[in-house]
Amino acid sequence: MAKKVHDDVLDGALLLVKNNCDRLTVCAGEPASYAEASAGAKYLAGTAMTTGDFTIGDGAISGRRAQVAAKSGITVEQNGTVDHIALLDTANERLLYVTTCSPQVLTAGNSLTVNSWSIEIADPA
């Protein structure tokens, strides 16, 4: 028996991120909580996000995805090696989404660019 899901079901999860994420942070290590991602020892830099930074559409292979816009000119606040990106809902102090990125050594005071990336939810198999 085949499994199916309507796009609206998958979009519901992606829309929660799109409609509530107001900050992107880069971290040294995987943040386990909002506190770690927003100002804790793992936090290195952050920037504001708006709903316009997310575009929801078909997944690359199946399902649905939210394309996250590139962000440039982010001021690095702490020295460290970035290897995770976090999306935050600061109003409700929620860690909405965490992903890995290519490690890069950052120096406080320098500028950082986070390239465009996506959150993808596949159709059920």
Check whether any side-chain heavy atom of Pro31 sits under 4.5 Å from a side-chain heavy atom of His84, and report yes or no. yes
Do you reckon Trp117 sits in the same ILVMFWY cluster as Leu44, going by side-chain contacts under 4.5 Å, direct or chained? yes
Passes side-chain contact (heavy atoms from CB on, under 4.5 Å), Asn19 versus Thr51? Steps please. CA-CA 6 Å; Asn19 293 333; Thr51 58; 4.0 Å; yes
Pairing of Arg65 and Asp58 as salt bridge, 4.0 angstrom limit: no
Nearest-0.5 Å distance, NZ of residue Lys71 to CG of residue Leu112: 12.0 Å
Going hydrophobic residue to hydrophobic residue with side-chain gaps under 4.5 angstrom, can you get from Leu95 over to Tyr97? no
Do side-chain atoms of Thr25 reach the backbone of Ala37 as a donor and acceptor pair under 3.5 angstrom? yes
Shortest non-hydrogen contact from Gly73 to Thr113? N-OG1, 4.3 Å
Between Ala28 and Asp83, the two heavy atoms sitting closest are C-OD1, 3.6 Å
About how many Å separate OG of Ser38 and CZ of Arg94, when rounded to the nearest 0.5 Å? 14.0 Å
Can any side-chain N or O of Asp53 pair as donor or acceptor with the backbone N or O of Val68 at less than 3.5 Å? no
Please test Cys27 against Glu36 for side-chain contact (heavy atoms from CB on, under 4.5 Å), starting from the C-alpha separation and ending with a verdict. CA-CA 9 Å; Cys27 301; Glu36 283 187 351; over 6 Å; no
Is there a donor-acceptor pair under 3.5 Å between the side chain of Thr50 and the backbone N or O of Gly52? yes
Of Val105, Val26, Val114, the one forming a side-chain contact (heavy atoms from CB on, under 4.5 Å) with Val82 is Val26
Tyr34 and Leu96: same hydrophobic cluster, using ILVMFWY side-chain contacts below 4.5 Å? no
If every non-hydrogen atom of Ile56 is compared with every non-hydrogen atom of Ala66, which pair is closest and at what distance? CG1-CB, 4.1 Å
Under 3.5 Å donor-acceptor, Asn115 side chain and Ala70 backbone: no
Mark yes or no for whether Lys3, through its side chain, and Asp123, through its backbone, hold a donor-acceptor pair below 3.5 Å. no
Any donor-acceptor pair under 3.5 Å from Gln78 side chain to Tyr43 backbone: yes
Is there a path from Ile85 to Leu106 through hydrophobic residues (I, L, V, M, F, W, Y) whose side chains come within less than 4.5 Å of each other? yes
Would you please test Ile121 and Arg64 for side-chain contact (heavy atoms from CB on, under 4.5 Å) and show each step? CA-CA 5 Å; Ile121 303 174; Arg64 304 288 285 166; 5.5 Å; no
Has the side chain of Asp22 got a donor or acceptor atom that lies under 3.5 Å from a matching backbone atom of Thr90? yes
Exactly one candidate in Leu14, Leu87, Leu15 meets side-chain contact (heavy atoms from CB on, under 4.5 Å) with Phe54; the answer is Leu87
Under 3.5 Å: donor-acceptor pair, side chain of Thr75, backbone of Ser111: no
Roughly how far, to the nearest 0.5 Å, is CD of Glu30 from OG1 of Thr99? 10.0 Å
Determine whether Val9 and Val17 fall in the same hydrophobic cluster, where Ile, Leu, Val, Met, Phe, Trp and Tyr are linked whenever their side-chain heavy atoms lie under 4.5 Å apart. yes
Test item: Thr107 and Val76 side chains (from C-beta on) under 4.5 Å apart, heavy atoms: no
